[in-house]
Amino acid sequence: MPQSTRWGRFRESEAASGLAMISPTAIYATLLLAAPLVTIFLYSFWTDGYLTIIREFTLDNYITAWSNPAFRAVMLRSLFVSLAVTATTVILAFPVAYFVSFFVEPSKKSLWLFLITIPFWTSYLIRIFLWKVILGYNGVINSSLLSMGIISEPIQSINYSVGAVITALAHAYAPFAILPIFVALEKIDRSLLEAGRDLGESPVMTFIRVTLPLSMAGVISSVLIVFIPTIGDYVTPLLLGGPEGRMVANLIDLNFKKLDNYPMGSAIAISAMAIVVAISLLFLFVNRRFLKGAK
Amino acid sequence: MTFSAEKATMIEFKDVHKYYGDYHALRGITATIKAGEFFSLLGPSGCGKTTLLRTIAGFEGISSGAVMIDGKNMAGVPANKRPTNMVFQSYAIFPHLTVEQNVGFGLRKDPRPQAEKDKAVAEALEMVNLKGFGKRAAHALSGGQRQRVALARALILKPKVLLLDEPLSALDKKMREQMQMELIKLQRQVGITFILVTHDQEEALVMSDRIAVMFDGEIAQLADPETLYRKPASRRVADFIGTMNFLPAQIKSEAGGKVEIEAHGFGQLTLDADQVSGANAEGASIGFRPETLTILFDGQTAADRESMGTVEEVVYYGDMTYYDVRLDGTDAPMRLSMRNIPGRPVLDIKERARVAWSPSAMVLFR
């Protein structure tokens, strides 16, 4: 029986059942994502008063952070590392995704995707330690090169360097980059590629004029999926970066823990987030023609 | 339509075989297609017609034999270097491009200045009745419009041969009939050799100058539509093209260009030797089309022979009525078609009917 009160009508409505269905996730997201974010945001405008937090609006934290050359250097290094990781990962992921989509027979595709995800069976930390084993001073690379007589003493620069961070991160994020590109390639109607050939284009030109533009949506997803988390990566630079490989997450950590300056840590975190958002939006804007319209 | 001997050969298949592993998809195709011809490859699904078309386009290699286009052996020539263009079954319109970018796709290497290329694109769009659609996004088009874009995109390159892979199968009946007419007109206008793959026998009959009927990787008959319909080379072809009634028959004697047969319910008949057609696995039989039988109404007399029968089924089509009539003394009903003329009654099931027929309209399969 329909109820005549406003509340009764609402309870009968589709909106109510929709809200009921999303509420577990919504409550979870509100408590564990939105609330901490708002807290950090508020903190970034307050001041550290040694033992207390002075809750008065101020932009001092931001001004201090941005006028500090050390912060700018770390921020720039973080950007450089995540852009390098993104470029490396996506450029290496594309051929893998292309191979699985175009050259693996359909019945074996899921097996291949499964194999690609195997590195994830090991904990992220263990994988990083394995990279230390490979790249370390007495690691696999150095000892092999030494025993082959190619070098006379271990190369120091491959361990505890920005390069080591990029290598480990690119490896860690490879599956995240492969899967969206694979999905985009799978969706391409193969007769479009035949049409490209039929209309006089070589395989390479068909790739450039047909395959690549049609897979750009996947490439863009891959770029964002790799870029956004890597810029804030904490463990890899901590364990593999050495003093010259520290990134912005390590700086935030330093401010929150050792320096006990929550407002400064928050301001750096919000700044880093703003930069990521700005770059991501710019990237999407530049590539907007690849994202619209396709059915 | 007839073709004089001076028509040049455009495509020649020389004993073409194609294997997919153990599967023998094309079993020795030998045929020629003439320049300017509207040619159809007709057959049920899995007969190899699309595979054969794709060997012309260069998307499918062949295991042995040769495919010649305009006198040149196409062995080792990739799809992008062949003088053919294709209209794909799915149309294969590039979804990331506009209509005019699609149509102009193949003009990249064309040395003409851009303004002339733009003009060619506009003309091609006009030719397929899509004037003013150039700026539209390709994915916003209807099925019929996509097909026109695919046609314009192929024809703008002035190929020697246009290949059409079941281009009308995705359209509804009205649209399909309209496009059939447009394609025929377009082919006459541009004069390019069209090769159409279809499983729709009516479509092949309507559109083609000549048709190759294919079964199981072989060409069962290659002929113009009328020959195909009037004188099918085998019972299987006869069954595939339109409707044909079959009756078992015994061949009594063959002499002097005449064949004496005995057919159940028709008695002794004398046929001309040129009414004798190809093989029938099920033994000799005579066949005739529904329209060669006529029901006689009051006062009408048969021009040749006349039998009595009983109506067993009536199917009313508006302009036509199909009757299943069992002639006295026969085992199975025969389908016949009558044009519905005003004032002529439509018979009911179980009514008796006088049926006129003629031995000269029969085909003998042996």
Side-chain angles (χ1 to χ4, degrees), chain A residues 90 94 97-98 101-108 180-224 283-295, chain B residues 21 50 53-54 56-60 77-99 101-110 124 136-142 146 149-159 161-167 170:
Chain A
V90 173
F94 198 99
Y98 189 86
S101 180
F102 283 86
F103 295 101
V104 173
E105 54 181 288
S107 61
K108 299 225 169 78
I181 299 175
F182 171 78
V183 170
L185 289 172
E186 280 290 283
K187 281 201 294 192
I188 298 175
D189 180 356
R190 298 305 191 252
S191 64
L192 293 175
L193 310 183
E194 288 188 343
R197 298 296 307 282
D198 190 64
L199 295 167
E201 292 295 12
S202 65
V204 173
M205 280 310 291
T206 302
F207 176 82
I208 293 171
R209 295 187 72 191
V210 183
T211 317
L212 196 57
L214 287 175
S215 60
M216 272 312 280
V219 172
I220 289 165
S221 310
S222 289
V223 165
L224 294 179
F283 179 72
L284 286 175
F285 179 76
V286 167
N287 289 295
R288 64 194 181 284
R289 70 193 170 98
F290 294 116
L291 296 171
K292 67 177 177 196
K295 262 200 275 196
Chain B
T50 296
L53 189 82
R54 290 169 61 85
I56 305 173
F59 297 133
E60 213 74 70
V77 180
N80 47 318
K81 299 250 157 68
R82 296 198 180 192
T84 60
N85 283 111
M86 186 138 162
V87 174
F88 291 83
Q89 186 169 15
S90 63
Y91 310 144
I93 301 299
F94 300 116
H96 57 301
L97 302 178
T98 63
V99 168
Q101 285 170 332
N102 263 283
V103 174
F105 189 92
L107 295 179
R108 185 179 66 87
K109 284 180 277 189
D110 193 315
R136 292 231 194 154
H139 58 82
L141 299 177
S142 72
R146 278 161 191 256
V149 173
L151 267 171
R153 184 177 73 176
L155 288 173
I156 197 172
L157 301 176
K158 306 211 179 333
V161 182
L162 183 75
L163 308 169
L164 302 118
D165 183 9
E166 307 230 13

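Bear in mind the structure is a predicted one, so any value in this text is a computation, not a measurement. Every chain is numbered from 1 and lettered A, B, ... according to where its sequence line falls, protein lines coming before strand lines.
Shown here for A:S202 and B:N80, the closest heavy-atom pair between the two residues is CA-ND2, 3.3 Å.
Listed options B:N85, B:L97, B:T84 were ranked by heavy-atom pairs under 4.5 angstrom with chain A; first place goes to B:N85.
For B:S90, the side-chain contact (heavy atoms from CB on, under 4.5 Å) partners are A:D189, A:S191, B:F88, B:A92, not counting sequence neighbours.
If you measure heavy-atom distances from B:F59 to chain A, the contacts under 4.5 Å come from the side chain alone. For A:M216, no part lies near chain B; criterion is any non-hydrogen pair under 4.5 Å. Using a 4.5 Å cut-off between heavy atoms, B:R54 contacts chain A through its side chain alone, with no backbone atom that close. Using a 4.5 Å cut-off between heavy atoms, B:I156 makes no contact with chain A at all. The contact between A:R209 and chain B is made by backbone and side chain atoms together, counting heavy-atom distances below 4.5 Å.
Inter-residue side-chain proximity for A:E201 and B:K109 is flagged as met; some heavy-atom pair is nearer than 4.5 Å.
Residues of residues 192-199 of chain A lying within less than 4.5 angstrom of chain B, judged on heavy atoms, are A:L192, A:E194, A:A195, A:G196, A:R197, A:D198, A:L199 in numerical order.
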